[in-house]
Number of protein chains: 2
Amino acid sequence: MSYRFADRTKMFKTSAIREIGGIIQRKGSDVISFAGGNPHEPYFPTAQIQQAFEKVFASGNASLQYGMTTGYMPLRGAISERVKSKGIQAKPEDILLTTGSQQSIDLLSRVMLSPGDVVLTENPTFLAATQAFESYEAKLVAVEGDKDGMYPEDLEQKLKQHQPKFVYVVPTFSNPDGKVWSEERRAALLELAYKYDTLILEDDPYGDIQFHEEEKYTPIAAMDERKTQVVYTSSFSKTVVPSLRIGWVTGPEAVIKYMSQIKEAADLMSSPLDQQALYYLLRDMDLDAHIRMLSKNYYQHMSIMRDYLNTLDENLVSWVEPKGGMFIWAKVHESINATELLKQVLEHGVAFIPGGPFFVENPQENTLRLNFTHPNPEKIKIGMERLTAAFKQSVKLG
Amino acid sequence: MSYRFADRTKMFKTSAIREIGGIIQRKGSDVISFAGGNPHEPYFPTAQIQQAFEKVFASGNASLQYGMTTGYMPLRGAISERVKSKGIQAKPEDILLTTGSQQSIDLLSRVMLSPGDVVLTENPTFLAATQAFESYEAKLVAVEGDKDGMYPEDLEQKLKQHQPKFVYVVPTFSNPDGKVWSEERRAALLELAYKYDTLILEDDPYGDIQFHEEEKYTPIAAMDERKTQVVYTSSFSKTVVPSLRIGWVTGPEAVIKYMSQIKEAADLMSSPLDQQALYYLLRDMDLDAHIRMLSKNYYQHMSIMRDYLNTLDENLVSWVEPKGGMFIWAKVHESINATELLKQVLEHGVAFIPGGPFFVENPQENTLRLNFTHPNPEKIKIGMERLTAAFKQSVKLG
């Protein structure tokens, strides 16, 4: 039989990164992988999570019944309290719980994007977000920028030209390139969003993993005093554990209302059991202390990786030290293709992700992303020994 | 600011049932509600679920990491084994785990439906499914039928006329009207689907709650020996607990592949933690014995309701005794509007759901749905005392 699929399936792509993941996996478990984006398992607060689940079960059978589409209200209340420290004022009823921030991105796309609508993005940007946008047949347009964020001039020109439905940004320790937008660029984006009546989707899954406690990175959502322009999403996948699959989103009431309505059609609700457990966890555990521990340890992971990269010739590899998050973004010499380089380093038993697929336009094939959160410090050392050796050899060969 | 939402949001409706739910809730907790669709909490296997979670936590921190988009493979294997008893041959890799069967319905819609595409449905049918179809701007066309299922003649005529993307059916203890399709009508639907190259979406969340063990209701998916035509979805919400939010879907490889791909954009994955716990539960608990207990008890619930309805004049209320599932579907005299009737019975402290909103076309406003699974037998007695009294009074007033 020939299946008559929806037009939007023409936009579905085989993910280059999933394919590369498959290649790395087939090389076997001896490969030390800097390719993924997973947190470090030994840091998981498993005992506390188990206790939180015990509290849910002890609260009675009603806790295992259907819940609300918008999510478990006490958890929405706890999130509302937590984000005040970031300067975000969100009432519990303006917070929608989702199955991870990926679902927040998808639901906003679903209520905003008709075929042909434009979304402005950074370049490179988070790949899975662009897949969600494209699945609704949206057109992606990259805004030029530098390490401080999008250039306001180019942004304004593209806002005028394309009248995009929203601008998608990961301003704090972005994936893939780990950068932090300056305050000025954040403010400029918000001003232009007001001026051109465009929403901003601020994706902030990494903002809590911060290496320099004294520095402050104000979410754009906190600057939006009118509370009209920014849809802000975050998640507990990086700070608690990924397997709970709990994200959340807040923004203008009219937008969140539509997103809640479409979530009902999408999956009725996310796991009320996991939401209740997370509520007890936030109530009874010092999550801020846990996040400080994570940030301190991940800084150590990153430092090991950085020190090895520092042994390499500047002409061979350049990068900016990240101030938080999970990734180092590096550029090798223009003559080197990172996908080819990956094949060579795999022979040395180490892996990264080529940066090309993260670009919306004009892919830079000499870029690569290194994850430092998943392997332990000892593995990072071994992996970086292999990687730096492979890099040096590739130059000799090249 | 004026938000420029996607065209599809014009199709979003305020759910009449959600509104009615709000009215019932505002009447307070003294109301005995037959309006919902929830299972009975005291029957939940909470201790076993808690043990299953303990096994996940004991298996180590890696169990709290990200999982696969398609779901936890051992659980897919366990489902593959379980459905063999229904005659369904599904390889583990052809089973996609979802956040409840609502997500299965939504993902199939997303890969199949372009604006203007037609879906054929029963009339009445499951409301939340039609909301998913309409959110993709599909057109719903009702096929005529009776207590045994769709009329093949009307079905064929509408397959010819509309070339629908799929036919949506709940053939075993449907929601709202509790009916069971005959084997002949199932076979006729499948033959016509082959002939007109159309998919069938078989939604089977209630099939396990069966009151007459000796009777067999063959899923249409089990009849589809070519394995080309039927997308079959079910869930553990009614047989284990709703709060795990685990459903699953199987069907032609090409369709499941696209659904998996779009699930990655939709929410990356459902809770791997809940999936692992369900795997241990299925491994270590006698779920079939549990389902027999549920079926026996729900039959008792239904019988109480039925016996009260039997005390009423046939001209006042007519219904067919359900052979399983969770609902009795009743018709009152044509002169009575069930929404008006609801207002009257609420004054007596009891509630149901009017049937009108479940119709895709030609709503029968004198129908209503009674849920017998959620309240306990004692409450059902009190509620039915109130309901039958209110019914009798409404006739006198009418």
Side-chain angles (χ1 to χ4, degrees), chain A residues 1-9 12 38 41-42 44 46 49-50 53-54 57 61-67 99-100 102-103 106 110-114 117 128 131-132 135-136 165 197 199 228-229 241-245 252 254-255 258 261-262 264-274, chain B residues 1-9 12 38 41-42 44 46 49-50 53-54 57 61-67 99-100 102-103 106 110-114 117 128 131-132 135-136 165 197 199 228-229 241-245 252 254-255 258 261-262 264-274:
Chain A
M1 130 149 211
S2 61
Y3 298 102
R4 291 169 289 132
F5 291 109
D7 296 338
R8 70 178 67 83
T9 58
F12 294 6
N38 289 3
E41 291 149 14
F44 290 171
T46 305
I49 294 171
Q50 178 161 4
F53 271 91
E54 281 163 13
F57 293 121
N61 281 10
S63 62
L64 296 168
Q65 189 56 274
Y66 285 107
T99 309
Q102 181 70 31
Q103 190 180 45
D106 187 65
R110 192 157 164 186
V111 301
M112 296 308 300
L113 299 176
S114 292
D117 281 347
Q131 285 169 338
S135 79
Y136 294 103
K165 285 294 182 77
D197 219 17
L199 284 175
T228 53
Q229 234 61 28
V241 287
S243 72
L244 287 173
R245 302 295 303 130
V255 178
Y258 262 152
Q261 216 171 332
I262 203 61
E264 192 175 16
D267 65 8
L268 202 55
M269 72 197 65
S270 305
S271 167
L273 181 58
D274 294 357
Chain B
M1 133 146 208
S2 61
Y3 298 103
R4 291 169 289 133
F5 291 110
D7 296 338
R8 71 178 66 83
T9 57
F12 294 7
N38 289 4
E41 291 150 13
F44 290 172
T46 305
I49 294 171
Q50 177 160 4
F53 272 90
E54 281 163 14
F57 293 121
N61 281 10
S63 61
L64 296 168
Q65 190 55 276
Y66 284 106
T99 309
Q102 181 70 31
Q103 190 181 45
D106 187 66
R110 191 156 165 186
V111 302
M112 296 307 300
L113 300 176
S114 292
D117 281 348
Q131 286 170 338
S135 80
Y136 296 101
K165 284 295 182 76
D197 219 16
L199 284 175
T228 53
Q229 235 60 29
V241 288
S243 72
L244 286 173
R245 300 297 303 131
V255 178
Y258 262 152
Q261 215 171 332
I262 204 62
E264 192 175 16
D267 65 8
L268 202 56
M269 71 198 65
S270 305
S271 167
L273 182 59
D274 294 358

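In what follows, chains carry the letters A, B, and so on, assigned in the order in which the sequence lines appear, proteins first and then strands, with residues in each chain numbered from 1.
For B:Phe44, the parts sitting under 4.5 Å from any heavy atom of chain A are the backbone and the side chain alike. With a threshold of 4.5 angstrom between heavy atoms, B:Gln65 approaches chain A through its backbone and through its side chain. Neither the backbone nor the side chain of A:Asp117 comes within contact range of chain B; no heavy atom of the residue lies under 4.5 Å from a heavy atom of that chain. Both the backbone and the side chain of B:Ser2 come within contact range of chain A, judged by heavy atoms closer than 4.5 Å. If you measure heavy-atom distances from A:Gln50 to chain B, the contacts under 4.5 Å come from both the backbone and the side chain.
The shortest side-chain heavy-atom distance between A:Ser271 and B:Thr99 does not fall under the 4.5 Å cut-off.
Looking only at atom types and distance, the side chain of A:Ser135 has a donor-acceptor partner in the side chain of B:Arg110 under 3.5 Å away.
Per-residue counts of heavy-atom pairs under 4.5 Å with chain A were compared for B:Gln103, B:Gln229, B:Met269; the largest is that of B:Met269. The candidate from B:Ala128, B:Ala266, B:Ala132 with the greatest count of non-hydrogen atom pairs under 4.5 Å with chain A is B:Ala266. The residue among B:Asp197, B:Asp7, B:Leu113 with the most heavy atom pairs within less than 4.5 Å of chain A is B:Asp197. Chosen from A:Ser243, A:Gly100, A:Ala254, A:Pro272, the residue pairing most often with chain B at heavy-atom distances under 4.5 Å is A:Ser243. By number of non-hydrogen pairs under 4.5 angstrom with chain A, the leading residue of B:Leu199, B:Leu268, B:Asn38 is B:Asn38. Listed options A:Pro252, A:Gly67, A:Ser63 were ranked by heavy-atom pairs under 4.5 angstrom with chain B; first place goes to A:Pro252. Between chain B and the options A:Val255, A:Val241, A:Val111, the largest number of non-hydrogen pairs under 4.5 Å is found for A:Val111.
The two residues A:Arg8 and B:Tyr136 make their nearest non-hydrogen contact at NH2-CD2, 3.5 Å. Of all the heavy atoms in A:Ser114 and B:Ala6, the pair that sits closest is OG-CA, 3.5 Å. Nearest heavy-atom pair, A:Gln102 versus B:Ala265, reported as atom, atom and distance to 0.1 Å: NE2-O, 2.9 Å.
The closest donor-acceptor contact from the side chain of A:Thr46 to the backbone of B:Asn61 lies at 3.5 Å or more, if one exists at all. At least one donor-acceptor pair closer than 3.5 Å links the side chain of B:Tyr3 to the backbone N or O of A:Thr228.
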Side chain to side chain contact (heavy atoms under 4.5 Å, CB included) between A:Leu273 and B:Leu244: does it pass, once the steps are laid out? CA-CA 6 Å; A:Leu273 181 58; B:Leu244 286 173; 3.7 Å; yes

Stepwise side chain to side chain contact (heavy atoms under 4.5 Å, CB included) test for B:Arg245 and A:Asp274: CA-CA 10 Å; B:Arg245 300 297 303 131; A:Asp274 294 357; over 6 Å; no

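Ring orientation note: the planes of B:Tyr258 and A:Phe12 are nearly perpendicular, at an angle over 60° on the 30°/60° scale.
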